[in-house]
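First the structure, in the form of structure tokens, and then the observations on it.
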Amino acid sequence: MPGRILVIEDNEQNMYLTTFILEQHGHSVYQAWDGHAGIELAGQVKPDLILLDIQLPVMDGYQVAQALRREPVLVDVPIVAVTSYAMLGDRERILAAGCTGYLEKPINPDTFITDIEQYLPDHLQS
Amino acid sequence: MKRWAVLLLMTVAGLAVMSLADTYYRRGIRQENFQALEQTTENFKTGLAPVIGLRLAAVENLKAFMLTDPTLPDSRTFDRFAAGLMANYPTLRAVEYVDPDQIIRYVYPLAGNEAALNLDLKTRPAAPYVEKAIRERRTTVNNPTATVQDSLSIVARAPLYRAGEFLGLVQGVYDVEKIVATAGAGLSPPYKLQLHDAAGAQFWGPETIAGDTRTVEVAVGDTVWSLTLGWDTPPESPNPLILLLIWGGGGLLLVSLLYIVNQTWVQTEQLNQTVAENMAELASTNTRLQAEVAERRQAEATLRESQAHLQLAVQAANVGLWDWDLLTNQIYYSPQWKSQIGYAEDEIPNDFNEWQSRVHPDDLEQTLAIVQAYLKKPWPNYENEFRFRHKDGSYRWILAQASLLRDDNGRPCRMLGSHIDLTERKQAEEALRQSEQKLALMFEKAPFAASLSSLPEGRIEQVNQAFEKLFGYSRLEAVGKTSLELGMYPNPQARAQSSAQVQKQGFVRDFELMLRAKSGEMRVLLVNTDYVEIGSEPHILTMAQDITERKQAAEAVRRERDFSEAIIDSLPGVFYLYDEERRFLLWNKNFTHVTGYTDAEMSELHPLDLFGGWDKQLLAERIQDVFAQGASSVEADFVAKDGTRTPYYFTGLRVLLDDRVCLLGVGIDITAQKQAEQRIRLSEERLRLATEMAGVAVWEYDLAANQMARSNNHDQLYGLQPQEVWVIDTFLNATHPDDRALSNQIIQASVAPGGPDYYRFDFRVIWPDESVHWLAVTGEIIERNAQGLGLAVRGCLIDITERKQAEVALRESEERFRTAFEYSANGMCLTGLDGKLLKVNQTMCHIFGYPLAELQGMHFNDITYPEDFAIGQEGARRMLDREATNVSIEKRYVRRSGEVFWAHVTSALLKDSAGLPLHFITQIEDITERRRMEEELRVSERLFSNAFYAGPAGMTITRIADGKFIDANASFCNMFEFSHEEVVGHTSTELNMLTLESRSKLIQQQLEAGGLHNFELVAQSKSGKRIKVLFSSKEITLKGEICHVTTMIDITERKQAEEDLHRLNLELEERVARRTGELVQAKEQAESADRLKSAFLATMSHELRTPLNSIIGFTGIILQGLAGPLNAEQTKQLKMVQTSAQHLLALISDVLDLSKIEAGQMELHIEPVALGRVITQVARLTEPLAAKKGLALQLEAASDLPPVMADRRRLEQILINLVNNALKFTERGSVRVRCQASDGRVVLQVIDTGIGLKPEDMGHLFKPFRQLETGLSRRHEGTGLGLSICQKLAALMAGQMSAASDGPGRGSTFSLSLPQATDLPEPIATE
């Protein structure tokens, strides 16, 4: 089942790539170009999954994840951090900030969709 | 003409300068404006791009929203979403949904946009954009166009596709005005903005802009706009005030300049005229002046020279000058004046009192009197002699000469004078005076009478005490008179004779002369007279020795003889004396007269020849009797030569004469007996009188009767009144007790039987007045009894007191001289003119080391040091040549031992009575010791002097009495920066070296301890520098004054060094502290650098991976065919891109890993890891490659393999790397992974059958970027970092990696050994 996925990403190419892959696999993609827009949009659309870039202007991914988790309606929405942060401890920090999962950039186009879809709520899993 | 040309040129140049300034000013303004424009444009662009770009995202969101709903949302849902969207995007005028038939179905907000609802876009100008969006299935943006809402807008359209089915579009209408306003917010109003679309059509802003413009391109969605910014009037325009300043001020300056130049020009021309006129005059004046100057220089030079000469002369003559201003009482002393008394120029104030205070107190009164007298009534040559105190306290004899200057009124105003140091002359005079005094004393005290008379009159100038005593004239009586006038010459001829001789030969020797004393007494003198010149005046020096006594004695004898002869002659009879051989020895004249024989015949005559007949026999018997019995008498006829017979009574007496027994006979003509008896009586009376007159007493003593008949004067000789009786005791009582025994003995011996008939002795008597008188007595035993015992004695007595006294005096004088000679502390000798030592004293023997007998008889040269022969000889010569009466020299002698020594020698020439040189008397003083001591003193002085003056330590001598420096050495002066002159004569406080307080403290300490040793002290130098010294002092006595010798060693530097050291220590400590702080800081910095590095690595990682994400992602998508079908070639090329991108990604990961490891940031989670699972995982990941290459991947792991301590992920990374490597480098065969446990470790081995390793490559294996076979081919992909990272990771896990190979082509084995875990790993739930 196609899901509604919110992508919070400031890089145009990556936004396009993610959106393209997800749309190709039938998912609806909501785009937010920064943290504030992402939080607001998430509140509006209540997406099934949020893909969150960590390296964001003004408000970084950790803050965004924490803010999202504070919204009662968003508490159960899985958040997958997609980041090029590959330093030791990043993974822990990301999970600690409230993220459900973690994907390393660059994404592997061959496995990306399967990796993502496993985070979708069970009723959307194919 | 020239002037006007210049002025014109200046005007032109001035205008040009102003114009140039104007241009530059304006250009600057324009430049400034343009830069502002450029900046503003850039800002605007930066503002615009995101405004447009991001806002377009609203459409994308809308699209996502629309597609979320499987059936597309209804109008109300659309409106609700759109409302939220528009709140976020204020530039959005409206969002619309266009159905697949391109009819606008939903519009939000509807208000104001009603015209848009149900609008068919196919009919609108936007139709091509709509078509494009549908066709290209992507969001498009159209060029700004006027919309139905009648506003300039841009519209972004996103086509809605779901599974290839076109569901319509969503579009966002953006108000261009709002976009521009948002982007341009904050731009200053004067700017004008033009916007052109991609086609170049202007859709915004005024048509033209008057001023400068700037154009840039801005990306807007899928299109590009061109943006032009500019202004009509530049914001910055030239400041009119500055322009006024440039033109107005410049003009004013120019006009002023022109005026000044013009004026100056005119004045210069006038001046030139004047200058030319003055130049000639100046030239001539100059020439004249130069000549004058040359002349004056010449004169000055001459003056200087003469002054210099004068100065030198004054210096050379050691003349001190003074100048006394009588009106002000000020006085100037020349440096020479001061140096005469030992002072430096600045040590003595120019003060009259200074002079006065220096005059010897004994001389002061007289000296001042002379000065006052001179000032009262000057005389031509003022001279004043006085003693003047030298700096060293001694007095110098100064001769002051002066002249008086008078002012115009004739009053004395100045006294100019000089000081000449007469001390040496005075000393010489004094020496001379003393020597004169000595001579005078010698003259005065000489034992012989001496007189000095001037020639030609022979007036007496000087006489000595002996003269006074001898002649009875006092000095006053004698001086000024001639000896003639004094009546000293009873026989003036004698004087004439002697003075003639003196004048003829220069001297008279041993001239016997009789002179009359004042008392009239005649004196017999032995006179030596010398012609001498005193002060070129001719004089006679006369020395007279009184030989009166001697003469008198001789005279007395003669007179006695004469008297006796006279008596004998006057006897009426005959008187004769013959010896036992009957040879006549004596006879009287009467004898020859009576006998008629001549004296010559008498000596041949036998006594019996004078008798004849009977008488011969009788006489022979009687003569025999006389010789036998002593006396006899006979009457016989005396037969004369002519045969005449005369009856005579002969008496014979045996007498002893010159030890011969003689017969003394007297014959009396008894023919005229009565007459004869009468005559005898008369004669006796005369004899008595004569003897009494001659002071001779006669006596006859009858021993038996103890009675003595004596002449009248006899008793007087005893100082007694005539005595009634005179017995032997009377004699003995009067006799001096010392002489009694001897006198009595002589008498008794004579009286005793067999004793001599004659005796004679001198004896002393004591007169009743207790005066002692010498008497001489002769006695004759005139009658003896049968036993020979004397019965009667007779004799004479004479007073010999005066003679005795003379004798005693002589003996005493001789004794004194002998004693002086013999016992003198100096060596004395009497030397012959030939240089032979005639007589030497004991001291001399002692000095020379010879026994007396040996030394006497040696030659002077035998004991003289050969080199000094000449000195002695010269001295002798001078005395012999009368150049000197005595000489005093220092010369060397040689002792018997050969030792040479120095002696002070004084010699005088002794002359005989005739004034002929006789001997030298020489006194020799051994001054070796003195010399040695002098030399020692000199050496010690020199040593001290060297040590003192040249010593490196500062040394001074300070007088304790006044604390003044007497002397100081160079080191001291250098140390304290004073000159020697500045130091000497001052105290340390005067020189500000020490404070009064510290000085008195120092002095007290010195006095308490009698000196100080290494006392630390801070003193101040002349320039105020503080010097720390080590001060030592010692008390010495110098020229009778108590002084301190002080030594000062500058320890400022040492102290400084100590303090420096101390400070250095402190500094070091401080530095250590600081350094520690710095280290802490550095550590913090390093830590912060580490954090920085972490941040950098994180950023790097992000920034590098982000673009790779697109590359790898899109490549993958395209290759998956998601973006449409690809042909074979495209697929192949895209795969190459993919491979490269993946390689790049691997490289980045490896570099990051390596960086992290090297930065120590690779943190591992080391925990017990079970190997089975790890190996399975590794196998799973590497199996595809093995399969692809057709290689067998074998796993060999024991089931009971213990877990290892490791980071699981990193362990997997290492193993994957090793296995991949092995697969990579192996074309055939297998790759085995083997695990073994041993000794607490587990070894994992990856064994391949691949290309193997060359021994030389073994060392490089684990180094970064070392891929073997590099350059041969790119067959084996890899970063070249793998092994290096593996090794480092292994090390972090306390593991070891190694490689082995049997050689190229024989495969290789890579081993990893890890520590075994003691505990079993906990099950990992998350995995």
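What's counted below: heavy atoms across the whole structure, side chains too, no hydrogens, waters or symmetry copies. In what follows, chains are A, B, ... by sequence order, proteins preceding strands, each numbered from 1. Quick caveat, the model's predicted, so the values are computed rather than measured.
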* To do: Select one option (side chain, backbone, both, neither) describing which atoms of A:Gln44 are under 4.5 Å from chain B's heavy atoms.
  => side chain
* Compare all side-chain heavy atoms of B:Thr1131 with those of B:Leu1119 and state whether any distance is below 4.5 angstrom. => yes
* Asked: Hey, does the side chain of A:Tyr30 reach the backbone of A:Gly38 with a donor-acceptor pair shorter than 3.5 angstrom?
  -> no
* Structure fact -> If one checks every heavy atom of B:Leu1145 against chain A at 4.5 Å, the contacting part turns out to be side chain
* Asked: Among B:Thr1115, B:Ile1112, B:Leu67, who wins on heavy-atom pairs under 4.5 Å with chain A?
  -> B:Ile1112
* Under 4.5 Å from a heavy atom of chain B, the part of A:Phe112 involved -> neither
* B:Glu1212 side-chain N/O to B:Gln1177 backbone N/O, donor-acceptor pair under 3.5 Å -> no
* chain A: which of B:Ile1117, B:Ile1111, B:Asn1109 shares the most heavy-atom pairs with it under 4.5 Å? -> B:Asn1109
* B:Asp1207 side chain to B:His1165 main-chain N or O, any donor-acceptor pair under 3.5 Å? -> yes
* Asked: Does a donor on one side chain and an acceptor on the other come within less than 3.5 Å for A:Arg69 and A:Gln66?
  -> no
* Contacting region of A:Glu12 [heavy-atom separation from chain B under 4.5 Å] -> neither
* To do: Mind telling me whether B:Phe81 and B:Phe65 have parallel, tilted or perpendicular rings, with 30° and 60° as the class edges?
  => parallel
* Structure fact -> Applying a strict 4.5 Å limit to non-hydrogen atoms, the region of A:Asp110 in contact with chain B is both
* Asked: Side chain, backbone, both or neither: which part of A:Val29 has an atom under 4.5 Å from a heavy atom of chain B?
  -> backbone
* Which of the residues B:Ala64, B:Pro1107, B:Gly1116, B:Ala1141 is involved in the greatest number of heavy-atom pairs with chain A at under 4.5 angstrom? -> B:Ala64
* Side chain, backbone, both or neither of A:Ile5 within contact of chain B (heavy atoms, under 4.5 Å) -> neither
* To do: Could you tell me whether the side chain of B:Arg1210 and the main chain of B:Leu1289 form a donor-acceptor pair under 3.5 Å?
  => no
* Asked: Are a donor atom and an acceptor atom from the side chains of A:Thr19 and A:Gln31 found within less than 3.5 Å of each other?
  -> yes
* To do: Using non-hydrogen atoms and a 4.5 Å limit, figure out which bit of A:Gln24 sits close to chain B: side chain, backbone, both or neither.
  => side chain
